[in-house]
Amino acid sequence: MKIVVCIKQVPATHDAKIDPETKRIIREGIKAILNPFDNYALEEGIQLRDQFGGEVIAISMGPQKAENSLREAISVGVDRAILLSDRAFGGSDTWATSYVLAKAIKKIGNVDLVICGKQAIDGDTAQVGPGIAAHLDWLQATYVMAVDEISSSSIRVKRMHEDGYDVCEIPFPAVITVVKDINIPRVPSLKGVLASKKYKIPVWKPDDIDADKSKIGLDGSPTRVVKTQPPPFRHASTKKIEGTPNDCARSLLKELRMRSII
Amino acid sequence: MLHHIRNKIYLVEVLPPKQDSEKLEKDLEKFSNKYTRVMESGYCACITDNAMGLLSFQGPEIIEELKLPVMPEQVMIHLNTFHRKDDLDNILESCKSKGIKYLLIITGDGSDRLPKLRPSDVDTTDVESVTSVELLKYINREYPDSFVLGVAFNPYEPEEHEFEKMERKIKAGATFIITQPLIEKNEVVDRLIKKYPEIPVVVEAWMSRKLYLLSEAVGYEIPENKEFDPISTLKMLHRLYPECGIYLSLLGFKTQYHLIKDTWT
């Protein structure tokens with residue numbers, strides 16, 4: 001089974017500032033991290049490879065420093081990593097980005113399954129996974145919370161809803177995007193981190209993936225951001241804990257622990 | 001742990017490199033130097049487990065990677081409840097195979113990247129959240145006679161609650177106790193020693209000059225400019241608690257290490 005996991009490096013902070021001119025996130029001076037949802041995509045890819053054999057390849061489109069996220073992917077156990085980096089890719093919106101990733105997946109060849117995190121925490125669009133499926137003309141399942149079964153020709157998954165889940169079976173090759181409920185991502189081992197530092201990450205340019213230059217970068221991006229503004233003030237939701245003082249304290253402790261606050 | 005107290009063996013905290021270190025090789029070398037120095041001094045190196053929820057490498061994997069020697073009486077690993085089940089088992093197997101026998105079992109601090117053990121991971125159904133008590137029971141059940149298990153005691157928490165927790169920890173198999181840092185005589189610790197005369201108690205000595213960092217732990221504000229002499233306090237703790245072991249936290253290896261040699265006489 002050949003699995004490609006698409007990952008993205010994103011700003012670490014939620015206080016990311018928007019450039020008033022370009023309406024894009026200012027990334028300079030902000031620590032970059034692997035998009036948290038992509039940890040779940042990587043973990044699922046690794047678990048499926050361990051169960052069914054084959055290989056997992058992580059790919060990312062971004063500036064040269066995005067290779068740090070690919071090294072993180074290597075450190076948790078993916079077999080290969082490829083960076084798509086070139087000035088011509090700069091300014092790509094989700095449509096152009098998914099075009100570039102789809103072209104890279106085509107170049108890798110014989111891919112059975114593409115896994116993406118449900119969305120990136122910087123843009124929050126959740127469009128790249130579905131965009132890849134559209135460019136490849138493959139079937140897709142989004143918001144996957146569990147992989148129930150895999151046969152030689154298809155994958156059966158549970159798709160999360162607010163009120164429950166759908167069970168879908170889609171034939172290979174396919175694209176899935178995953179939510180946090182799907183697994184518990186592993187933490188990189190020291191051995192893995194040291195190995196990732198030595199790994200030489202190939203960098204693919206537009207010509208390497210035979211990309212149509214009119215479909216990448218700003219020119220290939222139909223999206224125009226015409227205005228940005230801070231989100232409206234969000235009222236915190238309140239949960240009332242009732243019972244005896246001991247029961248309340250126990251429940252509160254549980255809530256805080258389950259959210260890893262304490 | 002009685003062996004350590006009788007033979008005046010300090011427990012020296014050694015912090016492992018963090019996962020996001022930008023100079024990992026250098027940090028590993030520093031760790032190796034500190035660990036080796038503790039071994040050569042005949043003390044016990046105590047390696048923390050993602051202290052304060054900061055993602056760090058695990059003691060056993062560093063020992064393995066750097067091929068550091070393990071003297072069974074001279075290594076202690078902290079182990080908390082923020083692990084995946086398979087990682088927990090790997091750590092325990094690794095400790096066992098390397099001859100590491102002292103484990104300090106704590107509930108620990110979480111973070112977004114540190115998953116909490118679920119009750120089903122430690123084969124328990126009667127709790128909603130795994131604490132050091134469930135982890136102790138699990139280790140004693142799955143690895144009988146493999147480890148010497150210790151637990152933490154916090155004299156700054158509500159007293160009766162802390163004693164009730166300690167009772168459960170001891171019933172679950174704890175055989176030694178390490179306190180939170182003490183900077184003076186502490187009546188709650190005195191009560192602890194009296195209550196469990198058969199259990200070795202180790203008091204933690206705060207070796208950083210920045211005493212105000214302890215404000216949160218002790219529950220009252222310590223001013224930033226408060227003068228603090230860690231070596232004098234260490235000597236005082238020896239006088240106050242001659243029957244206890246000593247755990248040195250945040251010891252300065254460059255500036256303080258040579259000064260502790262003659263403090264336990």
Side-chain angles (χ1 to χ4, degrees), chain A residues 9-10 12-14 31-40 42-43 46-47 50-51 65 68-69 71-72 75-77 117 121 180-198 241 243 245-262, chain B residues 16-25 27-28 31 49-50 52-66 68 80-88 90-91 94 107-121 127-131 134 158 160-161 164-165 216:
Chain A
Q9 192 175 52
V10 295
T13 171
H14 292 294
K31 193 182 169 197
I33 56 165
L34 173 63
N35 176 41
F37 289 109
D38 298 347
N39 284 311
Y40 300 86
L42 287 169
E43 179 63 32
I46 292 164
Q47 285 188 16
D50 291 348
Q51 208 177 339
K65 68 174 186 177
N68 291 339
S69 291
R71 290 198 191 286
E72 203 172 327
S75 74
V76 291
I121 59 164
K180 282 183 171 184
D181 303 62
I182 195 163
N183 55 44
I184 303 174
R186 68 197 64 196
V187 171
S189 66
L190 176 59
K191 210 177 268 301
V193 170
L194 292 174
S196 76
K197 283 178 179 289
K198 291 180 191 151
I241 297 172
N246 275 348
D247 288 344
C248 288
R250 202 166 288 125
S251 301
L252 177 62
L253 196 62
K254 185 192 163 198
E255 291 282 341
L256 295 175
R257 283 204 176 123
M258 294 312 284
R259 287 167 170 74
S260 295
I261 293 168
I262 58 169
Chain B
K18 294 196 184 80
Q19 286 256 353
D20 64 357
S21 167
E22 287 177 3
K23 42 183 181 50
L24 180 58
E25 283 79 6
D27 287 349
L28 285 169
F31 177 91
D49 178 11
N50 297 319
M52 313 290 286
L54 298 171
L55 205 56
S56 305
F57 293 104
Q58 291 294 315
E61 63 177 342
I62 303 175
I63 288 171
E64 182 168 318
E65 188 62 38
L66 301 179
L68 296 170
N80 69 33
T81 61
F82 289 88
H83 292 285
R84 293 186 349 159
K85 156 84 169 158
D86 51 352
D87 290 334
L88 170 72
N90 283 340
I91 293 169
S94 178
T107 299
D109 304 306
S111 78
D112 286 347
R113 200 66 179 84
L114 290 170
K116 179 118 179 97
L117 283 167
R118 296 164 299 191
S120 58
D121 293 334
V127 293
E128 290 166 339
S129 171
V130 175
T131 67
E134 289 73 39
E160 293 316 314
H161 175 63
E164 185 263 328
K165 272 202 305 187
E216 204 173 314

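None of the values given here were measured: they were computed from a predicted structure. Throughout, protein chains are lettered first and strands after them, A, B, ... in sequence-line order, and every chain is numbered starting at 1.
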Rounded to the nearest 0.5 Å, what's the gap from NZ on A/Lys191 to CD on B/Glu64? Could you check?
->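 CD of B/Glu64 is found 5.5 Å from NZ of A/Lys191.
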Interatomic distance, A/Ile184 atom CD1 to B/Lys116 atom NZ [nearest 0.5 angstrom] =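 Reported value, rounded in 0.5 Å steps: 12.0 Å.
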In terms of heavy-atom proximity below 4.5 Å to chain B, should [X] be classed as side chain, backbone, both, or neither?
X        : result
A/Pro185 : both
A/Leu253 : neither
A/Asn68  : neither

Count the heavy atoms of every other residue, nucleotide or ligand shown that sit under 6.0 Å from NZ of B/Lys85, and state whether that count exceeds 12.
->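 Enclosed.
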B/Glu22, CD atom: more than 12 neighbouring heavy atoms under 6.0 Å | no
Would a 4.5 Å heavy-atom cut-off, applied to side chains only, mark [X] and [Y] as touching?
X       : Y        : result
B/Gln58 : A/Ser189 : no
B/Glu61 : A/Val193 : no
B/Asp20 : A/Lys31  : yes

For the residue pair A/Leu190 and B/Glu65, what are the closest heavy atoms and their distance?
-> CD2-CB, 3.7 Å
For the residue pair A/Val187 and B/Asp87, what are the closest heavy atoms and their distance?
-> N-OD2, 4.5 Å
Closest-packed option against chain B by number of heavy-atom pairs under 4.5 Å, given A/Lys254, A/Arg250, A/Lys197 = A/Lys254
How would you list, by chain and number, every residue that makes a side chain to side chain contact (heavy atoms under 4.5 Å, CB included) with B/Thr131, sequence neighbours excluded?
-> A/Arg257, B/Thr107, B/Val133, B/Glu134
Please identify each residue that fulfils side chain to side chain donor-acceptor pair (under 3.5 Å) with A/Ser251, with sequence neighbours left out.
->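 A/Ser251 satisfies side chain to side chain donor-acceptor pair (under 3.5 Å) with no residue once adjacent residues are dropped.
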What part of B/Ile62 lies closer than 4.5 angstrom to a heavy atom of chain A: side chain, backbone, both or neither?
->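 When you check distances to chain A, atoms from both the backbone and side chain of B/Ile62 fall under 4.5 Å.
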Heavy-atom contact with chain A under 4.5 Å, split by part of B/Arg113 |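 Contact with chain A involves both backbone and side-chain atoms of B/Arg113.
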